[in-house]
Amino acid sequence: MAFTDVTFLMFISICALIYRMTRYKWQFLLVASLVYYGLYDVRALTYLAVTIVTTYVGGNLVYRNKSKMLTFVVLLINFGMLSIVKFTDFTKYSLIIPLGISFYIFQSTSYVIDLYRRKYEPQKNIFKYALFVSFFPQIVQGPISRYDEISPMLYSDEATSFDFSHGLLLILYGYFKKLVIADRAAVLVGSVFSNPADYGGLFIFVAIIFYSIQIYCDFSGGIDIARGVAYLFGVRLAENFKRPFLSTSIGDFWRRWHITLGSWMRDYVFYPLSFTKFFAFINKKSRKVMGRRAGKFLTLTISTYVVYLIIGIWHGAGLNFIAFGFYNGTLISLALIFERRFNKWKKNLGIAKDSRWYHAFQVVRTAFLVFIGRYFTRSADLHQALELLKKTLTDWTFRYVDFGLTGKDLIIILLAVIVVMFISALQEKDVDITENVLSRSTPWQSVFILASVMVVLYFGVFDKGYTAVDFIYRNY
């Protein structure tokens, strides 16, 4: 039951109605979540159950004993299971790929680590804990929630009409991104990457731009839908994207893109690794040999590479994903190392901090660097990624064959992207369109919502001949 299925809309409508009628709200949410996950494939509940039981029981034992060994065992069981899923060709064994397994494993293991750190007390009720792990709007593709942030809302009875209206607008915006933009862009991207020899280097770069648009609108659109559905039940999930294509550096991009994964990596990988005794030893020795400043950056660079290599592997098992992690780790490390020099160059060139043209240059430069990274994540393997990069740099022709989109489609994508960028620009200036709409009179809100529904229905990809495109991060 994908977010774009009519059955999903029926499911959440029925669930929202029952939720408002029943006194047993969190219990109902747990049942609804397990039903939703079971409808995908009942066998997938086994993986979910293993994570719930091991992290619940393990978390209680870890809190009681403050045992590093127990913490390690719980993490090993869950990330071992995730590794098997990620690196095994399940089609050879007629096995299913569990829906959203990495998202609920990251979420539940953060709970165990936080218990080891005594951040909060463990949840005594295993069924309440099961709801935290399995809450159905976020289980498919995130965001990755923290127990202390989301649990008060999961077990509360305080959903309001504001939550319902806010959720509905978020859902509509998510469908706009997914159905109007992402699924249309996917047609061009699929055509080019299935037969790259038919296209010139410049057109391949155009396909990469379209893929970058597709993956952003697909992923952020799915998160908007998830957050919107959660609002219907009074649960406010964390933001996962903050206008990433307005970033001024690769580091800034990753602070705005998949925010909850980035913060997970920061809190549970980067900082713990940076503060280990081994890294403290390396830091001390490198400062003596390389000097204080250069020595400090050695351990920072190693930690950065580890984080981005993990992120690369999280995207997939091929060498192209490892290269993607290495590429981002290198750019961010270089930015850290040469930050002082860059600032000195800017000062010598007389570039002011609030210079508009320089800010625009930074945004365009960052977008270009992001596009280069997408060669690795969209290509079938590292060889194809390097071949396409080479072709883009050496074959400056705009040669192409039919790519499946009409002129009307291209105009729709262009106008829709302008709408998304306009909304992003307003949000960047702290103008919240959703709040603005909800502050108006009820008739005006109704007209706006109805118009939004009509736009999605009329311009969304439902036409004959289009292949339904599942969410890219659905099985991560």
Side-chain angles (χ1 to χ4, degrees), residues 1-22 25 28-45 47-48 96-104 131 133-145 154 159 163-184 186 214-215 217-237 240 449-450 452-463 466-476:
M1 190 169 23
F3 283 178
T4 50
D5 290 345
V6 175
T7 50
F8 175 74
L9 295 177
M10 294 171 61
F11 178 79
I12 61 171
S13 299
I14 293 168
C15 286
L17 181 63
I18 295 174
Y19 181 80
R20 274 164 169 68
M21 293 171 61
T22 184
K25 295 192 183 300
F28 170 72
L29 283 181
L30 174 59
V31 172
S33 298
L34 295 177
V35 167
Y36 175 82
Y37 204 71
L39 286 173
Y40 167 71
D41 195 310
V42 176
R43 294 171 297 172
L45 288 169
Y47 296 92
L48 183 61
I96 60 158
I97 299 175
L99 190 66
I101 185 170
S102 65
F103 293 102
Y104 64 73
L131 174 59
V133 179
S134 65
F135 184 48
F136 77 90
Q138 67 177 15
I139 201 169
V140 176
Q141 55 185 346
I144 302 167
S145 299
L154 282 175
D163 289 327
F164 187 86
S165 301
H166 199 109
L168 187 57
L169 289 173
L170 265 175
I171 291 168
L172 286 170
Y173 190 42
Y175 280 127
F176 177 77
K177 288 180 184 175
K178 169 64 175 170
L179 296 174
V180 178
I181 302 175
D183 285 2
R184 222 177 229 100
Q214 178 201 352
I215 197 171
C217 290
D218 184 285
F219 196 8
S220 69
I223 293 294
D224 288 338
I225 295 169
R227 294 181 69 228
V229 171
Y231 260 103
L232 303 182
F233 305 104
V235 179
R236 303 185 182 190
L237 298 177
N240 216 28
I449 290 171
L450 182 61
S452 300
V453 171
M454 295 304 294
V455 166
V456 172
L457 290 177
Y458 184 78
F459 293 106
V461 174
F462 306 106
D463 297 343
Y466 279 101
T467 303
V469 181
D470 208 345
F471 284 91
I472 293 171
Y473 283 88
R474 189 165 182 252
N475 282 322
Y476 273 70

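Throughout, numbering of the chain's residues begins at 1 and tracks the sequence.
- At least one side-chain heavy atom of Phe8 sits less than 4.5 Å from a side-chain heavy atom of Ile225.
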Which is it for Val35 and Phe11 under the side-chain contact (heavy atoms from CB on, under 4.5 Å) test, yes or no, and what are the steps along the way? CA-CA 10 Å; Val35 167; Phe11 178 79; 4.2 Å; yes
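- Using a 4.5 Å heavy-atom cutoff, the side chains of Leu45 and Leu48 are in contact.
- Side-chain contact annotation: Thr4 with Lys178, donor-acceptor N/O pair under 3.5 Å absent.
- For Gln141 against Gly222, the heavy-atom pair with the smallest separation is NE2-CA, 3.1 Å.
- Counting heavy atoms from C-beta on, the side chains of Phe3 and Val229 never come closer than 4.5 Å.
- When all heavy atoms are compared, the tightest approach of Leu237 to Ala226 is CD1-O, 3.9 Å.
- Residues Gly460 and Arg184 come closest through the heavy atom pair O-NH2, 4.4 Å.
- For the atom pair CD1 of Ile12 and CG of Leu17, the computed distance is 12.5 Å after rounding to the nearest 0.5 Å.
- The shortest side-chain heavy-atom distance between Leu39 and Phe136 does not fall under the 4.5 Å cut-off.
- With contacts defined as side-chain heavy-atom distances shorter than 4.5 Å, the pair Met10/Val6 qualifies.
- With contacts defined as side-chain heavy-atom distances shorter than 4.5 Å, the pair Pro98/Tyr104 qualifies.
- In terms of heavy atoms, Val453 sits closest to Leu172 at CG2-CD2, 3.6 Å.
- One finds the CG atom of Leu168 at 4.5 Å from the CD1 atom of Ile449 (value rounded to the nearest 0.5 Å).
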Go through Asn240 and Phe219 one step at a time and tell me if the side-chain contact (heavy atoms from CB on, under 4.5 Å) criterion holds. CA-CA 9 Å; Asn240 216 28; Phe219 196 8; 4.2 Å; yes
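- In this structure, the side chain of Asp41 engages the main chain of Arg43 through a donor-acceptor pair within 3.5 Å.
- To the nearest 0.5 Å, the span separating CG on Leu29 from SG on Cys15 amounts to 8.0 Å.
- Interatomic distance, His166 NE2 to Leu232 CG, rounded to the nearest 0.5 Å: 11.0 Å.
- The shortest non-hydrogen separation linking Gln138 to Ser145 is OE1-OG, 2.7 Å.
- Of the candidates Tyr19, Phe164, Phe28, Phe233 forms a ring-ring contact (aromatic ring centres under 6.0 Å, His included) with just one, namely Tyr19.
- Side-chain contact between Phe459 and Phe176 is absent, with no heavy atoms from C-beta onward closer than 4.5 Å.
- Of all non-hydrogen atoms in Ser134 and Leu34, the two that sit nearest each other are OG-CD2, 4.3 Å.
- Residue Arg20 holds its CZ atom at 7.5 Å from NZ of Lys25, rounded to the nearest 0.5 Å.
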